[in-house]
Amino acid sequence: MAAGIVVTYAAAVLTVSDGVFHGTRADRSGDWLAEGLGPAFSVRWRSVVPDERDRIEAALRAWLNRARLVVTTGGTGLGPRDVTPEAVRAVITREVPGMAEAMRVPLIGQAPHAMLSRQVVGACGTTLIVALPGSPRAVEEGWRAIAPAVPHALELLAGHTDHGAPPAPGLV
C-alpha cells in the first residue's frame, strides 16, 4: 500500500462454539475480535454457530467475496466436535500455512499445549479466512502475530501485485 493511504477492509467474525451458541458461555474471543482487529478492518458481519461443520461452512460461504477478511474463533482443537479446520479447508481454494504457523509460535513457549491447536489460514477469491482458537489469549496473540501481513495479503488476493501502487477501490 502506498504511504499515507488508509484503507478499511470489510471483515466478518464467526464464533464457533456450542456453549456460546446455546447461551451458556460468553463470547469473549468474538468480542475481542470485533473490537481488536484494528483500524484497517471494519467488522460488518458477526455470527455464532455451533461446532457443526455444515453450519461453519455455510457461514463462511455466505461471506465470500463480501468480506475481505473472515476470522473464526473456536473449534481448532483435537476434541471430537472441533471441526473448524475441516470446514475452512472445504471452503478455501489456497492455504497460507506460513500465517497459521506464525500464529502458534508466540504461544508454544508459554503454553506447550498450543502446539495441539490446528489453526488454518486460506483464501477463496478475494477473501482471506483466518481460523483462530477459542481462547481469548490465543486469539489476541495469534492475531497480533499475523496482523501486519494481512493487508498486504488482501491486496495480493485482489490482484494488486505492483507493490508500489495504491490499493484498489472496490471490496474494502
Side-chain angles (χ1 to χ4, degrees), residues 9-38 40-107 113-147 149-151 153-154 157 171:
Y9 298 98
V13 172
L14 179 65
T15 300
V16 179
S17 167
D18 290 334
V20 175
F21 183 78
H22 294 296
T24 61
R25 190 169 45 172
D27 188 7
R28 293 180 33 221
S29 296
D31 292 343
W32 188 91
L33 286 167
E35 298 296 322
L37 288 181
F41 305 96
S42 172
V43 176
R44 296 185 188 167
W45 302 278
R46 188 169 172 192
S47 189
V48 177
V49 296
D51 291 279
E52 296 172 10
R53 184 173 167 169
D54 60 336
R55 301 277 299 268
I56 300 164
E57 285 183 36
L60 296 174
R61 290 183 196 287
W63 291 327
L64 288 179
N65 298 319
R66 291 174 53 209
R68 295 296 310 281
L69 173 69
V70 176
V71 184
T72 72
T73 176
T76 62
L78 287 176
R81 290 189 54 79
D82 290 329
V83 295
T84 301
E86 290 76 17
V88 170
R89 285 189 178 103
V91 171
I92 62 174
T93 55
R94 294 186 291 165
E95 203 161 331
V96 188
M99 292 181 101
E101 293 162 11
M103 291 190 294
R104 281 186 286 275
V105 169
L107 291 172
H113 291 145
M115 70 180 76
L116 301 177
S117 186
R118 302 179 307 127
Q119 290 103 312
V120 175
V121 179
C124 183
T126 60
T127 302
L128 184 70
I129 300 174
V130 177
L132 290 161
S135 152
R137 178 177 172 215
V139 164
E140 185 174 349
E141 295 279 343
W143 175 252
R144 291 196 175 157
I146 65 166
V150 172
L154 295 175
L157 288 173
L171 295 172

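Just so it is clear, the model here is predicted, and its values are computed rather than measured.
Each of I56, T84, D54, D18 was compared with V49 under the side chain to side chain contact (heavy atoms under 4.5 Å, CB included) criterion, and only I56 meets it.
Within the model, atoms CD of E141 and CG of L132 stand 11.5 Å from one another, a figure rounded to the nearest 0.5 Å. Between the CG atom of L157 and the OG1 atom of T126 there is a distance of 7.0 Å, given to the nearest 0.5 Å. For the atom pair R94 CZ and L128 CG, the distance stands at 10.0 Å (nearest 0.5 Å). In this structure, CG on D31 lies 7.5 Å from OG1 on T15, to the nearest 0.5 angstrom. Distance check, rounded to the nearest 0.5 Å: OG of S42 to CG of L37 gives 10.0 Å. Note: R53 CZ to E86 CD = 6.5 Å, rounded to the nearest 0.5 Å.
Within 6.0 Å of NE2 in H113 there are 12 or fewer heavy atoms belonging to other residues, nucleotides or ligands.
The minimum heavy-atom distance linking F41 with A11 is given by the pair CB-CB, 4.2 Å. Across all their heavy atoms, R25 and S17 have their closest contact at NH2-OG, 2.6 Å. Heavy-atom minimum distance, A102 versus A145: O-CB, 3.4 Å. When all heavy atoms of R144 and W32 are compared, the closest pair comes out as NH2-CZ2, 3.8 Å. Annotation for A114 and R104: closest pair O-CD, 3.9 Å, computed over non-hydrogen atoms. Considering every non-hydrogen atom in both V48 and L14, the closest pair reads N-CD1, 4.5 Å.
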Using a 3.5 Å cut-off and no angle test, enumerate the donor-acceptor pairs between side-chain atoms of residues 69-80 and protein atoms at least two apart in sequence or in another chain.
unit_1, atom_1, unit_2, atom_2, d
T73, OG1, P133, O, 2.7
T76, OG1, S117, OG, 3.2

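Side chains of E52 and R81 form a contact here, defined as non-hydrogen atoms less than 4.5 Å apart. Side-chain contact between R89 and E95: present, with at least one pair of heavy atoms (C-beta onward) separated by less than 4.5 Å.
Listed for the R118 side chain is a donor-acceptor partner under 3.5 Å among the backbone atoms of D82. The closest donor-acceptor contact from the side chain of R46 to the backbone of A34 lies at 3.5 Å or more, if one exists at all.
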Exercise. Hey, mind stepping through M99 and V150 against side chain to side chain contact (heavy atoms under 4.5 Å, CB included) and telling me if it holds?
Worked result: CA-CA 9 Å; M99 292 181 101; V150 172; 3.6 Å; yes
